[in-house]
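Numbering starts at 1 and runs along the sequence shown.
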Amino acid sequence: MTDGQQNDTARELLPTASGAETRAAVAALLRPRRALALAGFTAMVAATAVGLLTQPLLGRIVDLAADRRPPGMITLPVVLLVAVAVVQGLTTGLGLSLISRLGESVLAQLRERFVERALGLPLERVERAGSGDLTARVTGDVSLIADAVRNALPELARSLLAIVLTLGALALLDWRFLLAALIAVPVQLYTARWYVRNAVPIYTEQRVAVGAQQQQLLDTIGGSATVRAFRLEREHTERVTARSWSAVELTMRGVRLVLRFYSRLHVAEFIGLTAVLVTGFLLVRDGSASIGTATAAALYFHSLFTPVNSALALLDDAQSAGAGLARLVGVAGLPLPPQPERPPVPRDASVTVSGVGHAYRPGHQVLSDVHLDLRPGERVALVGASGAGKTTLAKLVAGIHAPASGTVRLGGVDLTELGPAATGRSVALITQEVHVFAGTLADDLLLARPGASEPELRDALAQVDALGWADALPDALATVVGDGGHRLSSAQTQQLALARLILADPPVAVLDEATAEAGSAGARVLEKAADRAVDGRTALVVAHRLTQAASADRIVVMDAGRVVESGTHDELRSAGGRYAALWEAWSDTRGGKGHGL
């Protein structure tokens, strides 16, 4: 895509789910795990209930001391306190492990669904959003949710249970203690509501800003050669700085919000504790409660500080994770591209492009009324200046994009009727940007044909002249390549892609400057390898060098999104048109290095 297509105005971010959609998605994920959720909840209730025996036992010790009872009577409460601690520790550990398992399994399924939908999205949809948006979701958002599942979710569950059961215990001591404790609730609820109302938009904006920042970094670093060539360093640095400061500003707004949040919580604590202490004083003075009971009530309310503050403080993590969860669900909830139950079968490997027009943005036409026919087994080369529309046409033929107007047919069947899966089996696209997956070289090849035998893998490599260097690797086909493994050169990477093409064995192949990254030294080797890889297939080749075009069955010349010439190499040279001019210019400069288009 051009620089203009990368502007913010062209961005169409992937969807973010609403609150109702997010809750519905989480509920659907939890439904098959009801037994695990119930077991975890039961264990946490038991652990919290047992822990609430601590305050009455301490109150009993206070009463025994106040009544000047024999020291031996304290033994039983102390033993019971030890037993409470042991049982609470065991049940808490069990409950936390069950809740963590529940959270991890739900997250794993959500992540799998996200990846499935992301891989199934049309490439043009991802390009409109920018890879930074998708990258931010699959990295930053997933990390936030994972941290919340491993830390915040178990702690929040335990805190909420502790709050509810502690208030119940206060009521059992004396309902007036409960009323005194509830005086702090209005302040806490107001604080929580105020925080949520202000935090949700801030964290949502922050995640979007981080995505925009990552996209700008990808654009600047990925296009560094172009940035330097056109002396755009200052402009791009300013853009990165602006995006970074936007993200920092939103982060600082969040920090200031949290500080105000905690200050209000402290006020609620002091109000509630004062009310409980005053109530205890009045009840003890009237003889309605013992000193030990008042002590237990004060300890109960004091013990609420930690779970209440934890629960409310975890709203901070919950809001961040919730914003990230909504962004994941927004993609995971997208419908998969429709797959025909019984897709029509193409009659042959012919390709027919009829009246095709395409634009990445409204009003910026890239292709206009393009007509092109490829006969079965024919090799057609696309040539033209940069920006002529060659790559776009190649992607339309490969089914990566759907044309805005017109049709692309394979063997008489419209690609939209054929469906993405069947199109992927029938048409293979190889570009100059080939990814080497982390794993053994054999595993990388098996992606194209999972059931291939080692002799078949070696034969595919031999056909593209890659078997020599493959056998020379430290462990031959068992050598780990890709990220963290043996580094392959540009030419070797392209040979690997061509070997995959042979293994996949589609009837139609589209090569979009697949030999461009080899440089002059490896160009001829790759061109021969590409010839062997597409032999017997219908092939559309976006030619980087005119030697590729000259050896094709037919050459199609494009200019400004239209087909302007079509014919064999000799016919077009004799016609004296645009191709003849390109050939003459190339011939004048070919004294050693092939000249690319």
* How long is the span from the CG atom in L410 to the OG1 atom in T352, to the nearest 0.5 Å? -> 9.0 Å

* Quick one: does S350's side chain have a donor or acceptor within less than 3.5 Å of a partner on P376's backbone? -> no

* Name all residues meeting the salt bridge (Lys or Arg N to Asp or Glu O under 4.0 Å) criterion together with D505; count only those two or more places apart in sequence or in a different chain, and write none if there are none. => R537

* Structure fact -> In terms of heavy-atom contacts, V383 and A543 come closest through CG1-CB, 4.0 Å

* 4.5 Å side-chain heavy-atom contact, T440 and L477 -> no

* **Listed partners of A529 passing side chain to side chain contact (heavy atoms under 4.5 Å, CB included), at least two apart** => V464, L498

* Looking at CG of D459 and CD of Q463, how far apart are the two atoms once the value is rounded to the nearest 0.5 Å? -> 4.5 Å

* Sub-3.5 Å donor-acceptor pair from the side chain of S105 to the main-chain atoms of R101, do we have one? -> yes

* Asked: Is the shortest heavy-atom distance from the side chain of V106 to the side chain of L30 under 4.5 Å?
  -> yes

* Structure fact -> Nearest heavy-atom contact between A539 and V534 is CB-CB, 3.9 Å

* Inter-residue atom distance E104.CD - Q109.CD, 0.5 Å rounding -> 13.5 Å

* Asked: Can you find a heavy atom in the side chain of L540 that is under 4.5 Å from one in the side chain of L382?
  -> yes

* Answer yes if the side chains of D414 and T407 hold a donor-acceptor pair under 3.5 Å, and no otherwise. => no

* Asked: Under the side chain to side chain contact (heavy atoms under 4.5 Å, CB included) test, which residues partner S574, sequence neighbours left out?
  -> none

* For R532, which residues count as a salt bridge (Lys or Arg N to Asp or Glu O under 4.0 Å) partner, sequence neighbours excluded? -> D465

* **Polar side-chain atom of E571 near backbone of T568 as donor-acceptor pair, under 3.5 Å** => yes

* For E456, what residues pass the salt bridge (Lys or Arg N to Asp or Glu O under 4.0 Å) criterion, not counting sequence neighbours? -> R449

* Do I430 and Q494 have side chains that get closer than 4.5 Å, going by heavy atoms? -> yes

* Can you spot which of T416, L415, V427, L372 makes a side chain to side chain contact (heavy atoms under 4.5 Å, CB included) with V408? => L415

* Do L396 and L367 come close enough that some side-chain heavy atom pair is under 4.5 Å? -> yes

* Atom of A359, atom of A404 and distance for their closest heavy-atom approach -> N-CB, 4.4 Å

* **Pairing residues for D553 by the side-chain hydrogen bond (donor to acceptor under 3.5 Å, both in side chains) criterion, not counting sequence neighbours** => none

* Structure fact -> Applying side-chain hydrogen bond (donor to acceptor under 3.5 Å, both in side chains) to D475 and not counting sequence neighbours gives none

* To do: Mind checking the CG-OG1 spacing from D512 to T431? Nearest 0.5 Å is all I need.
  => 6.5 Å

* Between K390 and G384, is there a donor-acceptor pair closer than 3.5 Å when you use the side chain of the first and the backbone of the second? -> yes

* **Those residues that, when tested against T241, pass side chain to side chain contact (heavy atoms under 4.5 Å, CB included) (two or more places apart)** => T237, W245

* Is V380 close to I555 at the side-chain level, that is, under 4.5 Å between some pair of heavy atoms? -> no

* Structure fact -> Here the ring-ring contact (aromatic ring centres under 6.0 Å, His included) pairs for residues 552-579, sequence neighbours left out, are H569-Y579, H569-W583

* Which residues satisfy the salt bridge (Lys or Arg N to Asp or Glu O under 4.0 Å) test with R33, sequence neighbours excluded? -> none

* Quick one: does Q492's side chain have a donor or acceptor within less than 3.5 Å of a partner on S489's backbone? -> yes

* To do: For L445 and L503, work out which heavy atoms get closest and say how close.
  => O-CD1, 3.6 Å

* **Pairs involving residues 375-384, ordered by first then second residue, that meet side chain to side chain donor-acceptor pair (under 3.5 Å) (sequence neighbours left out)** => R375-E378, E378-R554, R379-D531

* Measure the shortest side-chain to side-chain distance between L374 and V397 over non-hydrogen atoms and say whether it is less than 4.5 angstrom. => no

* Does the side chain of L441 come within less than 4.5 Å of L473's, by heavy atoms? -> yes

* With sequence neighbours excluded, what pairs up with A552 under the side chain to side chain contact (heavy atoms under 4.5 Å, CB included) test? -> A381

* To do: Could you tell me the separation between the OG1 atom of T392 and the CE atom of M558, rounded to the nearest 0.5 Å?
  => 8.0 Å

